[in-house]
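Comments concern the structure below.
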2 protein chains.
Amino acid sequence: MSEPAGPSRRRGRRPAGEDLRSAILVAAREEFARHGYAGATLRGIARAAGVDARLVHHYFTGKDDVFAAAMELPVRPGDIVEAALAGGLEGIGERLLRGFFAVWDTPGGRVRIVAIVSSVLSSETGIRMIKEFLVQEVFERIAAALGPDDPELRAALAASQVIGLIMIRYVARIEPVASADPEEIISFVGPTLQRYLTGD
Amino acid sequence: MSEPAGPSRRRGRRPAGEDLRSAILVAAREEFARHGYAGATLRGIARAAGVDARLVHHYFTGKDDVFAAAMELPVRPGDIVEAALAGGLEGIGERLLRGFFAVWDTPGGRVRIVAIVSSVLSSETGIRMIKEFLVQEVFERIAAALGPDDPELRAALAASQVIGLIMIRYVARIEPVASADPEEIISFVGPTLQRYLTGD
């Protein structure tokens, strides 16, 4: 492994792991902003951070993991999708929502999701970045599990309902949705996702 | 009617109608930003514009009309809601969507809706303003037409799907939703709104 050249080098000692990881995340934010999610590579992020690519793989399991850490997502959305898909298509609408609520519906999760929405919507670059991430790591994974009948359209419409729910419940905080029990919301919205993903 | 004191007064002649209307809209934007939609009044807007309140009523049919003009909305959302409700609850999901698509799905409408979303989401003030407007002029009108079973929750969930659709189709422009024929989207999303507003 080559000598890392991160922001810590000036301190005149070998940077500790946290410094290296932080340097990678700083570089990742720049690379994602510059090249989008699809165009950024782990190799390019390593180069920008001045570290060996193997070090990126040491800290992160893949590009989605680097992205989730760089954006300070409380979870990798792909993980929620994979977990929901693992149970098959039956009941997947409710499982997806329960997975998301488990992460969002904490005080920290609420603050974080509002910050992320504000940040990505404030620029064309941010919108492109989150769009490419959602398409590649969320929609395409769901669509791949569906039948041949409009899978991408169905996945994107399911996402539209989830994103709208985020806007109403967490960003605009419109009552009674903002304070409703998650299970009450799931009883309405779960069947919507179920129909988009699996119904006629 | 008292002598109007708008920005045109310095020109040393009686301001033309367009100038008065513009002065009212400038004042309205400030009043809505300062007091929110619910707190702003036509009287306060007239005072801020330096015109008689009757002049505001001369140019605008009501607060929602002033707001739609100040935000450069291509239509008053309340009008779309009223038109959809006028047909009764049967088929209201599709009618609401068709009404919105008729306004959004023009080149000018697409540009304008993205500008509005960016503008209102960029500040707490903007979010509060649009939230109060949507609650008062859209959600409450729909909820008033529904039965006693969670009408506000149902109206807000319907709005969440519509707002998510705006985000996916117009703001993030995620395919295939961005380019899909409106009728194809209506075939999926119409039944969702129908169930939220009228179903079990």
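Order of the sequence lines fixes the chain letters, A, B, ..., with proteins taken first and strands second; residue numbering starts at 1 for each chain.
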- Message: Among residues at least two apart in sequence or on other chains, which ones pass salt bridge (charged side-chain N to carboxylate O under 4.0 Å, His left out) with A:Asp79?
- Response: A:Arg76

- Query: Are A:Leu157 and B:Leu165 close enough that some pair of their side-chain heavy atoms sits under 4.5 Å apart?
  - Reply: yes

- Message: Hydrophobic cluster membership, with links at side-chain heavy-atom distances under 4.5 Å among I/L/V/M/F/W/Y: are A:Leu73 and A:Val111 in one?
- Response: no

- Message: Please classify the contact of A:Glu132 with chain B as side chain, backbone, both or neither, using a heavy-atom distance under 4.5 Å.
- Response: neither

- Task: Answer with side chain, backbone, both or neither: which region of A:Val120 has an atom nearer than 4.5 Å to a non-hydrogen atom of chain B?
- Result: neither

With a 4.5 angstrom heavy-atom cut-off, is it the side chain or the backbone of [X] that approaches chain A, or both, or neither?
| X | result |
| --- | --- |
| B:Arg173 | both |
| B:Val162 | neither |
| B:Ala156 | both |

- Query: Who among A:Ile163, A:Ile185, A:Ile174, A:Leu121 has the most heavy-atom pairs with chain B under 4.5 Å?
  - Reply: A:Ile174

- Between A:Val177, A:Leu134, A:Val135, which shows the greatest number of heavy-atom pairs under 4.5 Å with chain B? A:Val177

- Tell me the residues of residues 91-108 of chain A whose non-hydrogen atoms fall below 4.5 Å from those of chain B, in number order. none

- Message: Quick check on the interface: out of B:Ala155, B:Pro176, B:Ala180, who has the most heavy-atom pairs with chain A under 4.5 Å?
- Response: B:Pro176

Got a second to check how far [X]'s [atom1] is from [Y]'s [atom2], nearest 0.5 Å?
| X | Y | atom1 | atom2 | result |
| --- | --- | --- | --- | --- |
| B:Arg195 | A:Phe188 | CZ | CZ | 8.0 Å |
| A:Glu175 | B:Glu152 | CD | CD | 11.0 Å |
| B:Thr192 | A:Tyr196 | OG1 | OH | 2.5 Å |
| B:Ser187 | A:Leu153 | OG | CG | 8.0 Å |
| A:Phe139 | B:Ile168 | CZ | CD1 | 4.5 Å |
| B:Ile127 | A:Ser118 | CD1 | OG | 6.0 Å |

- Item | Side chains of A:Ser160 and B:Gln161, donor plus acceptor under 3.5 Å | yes

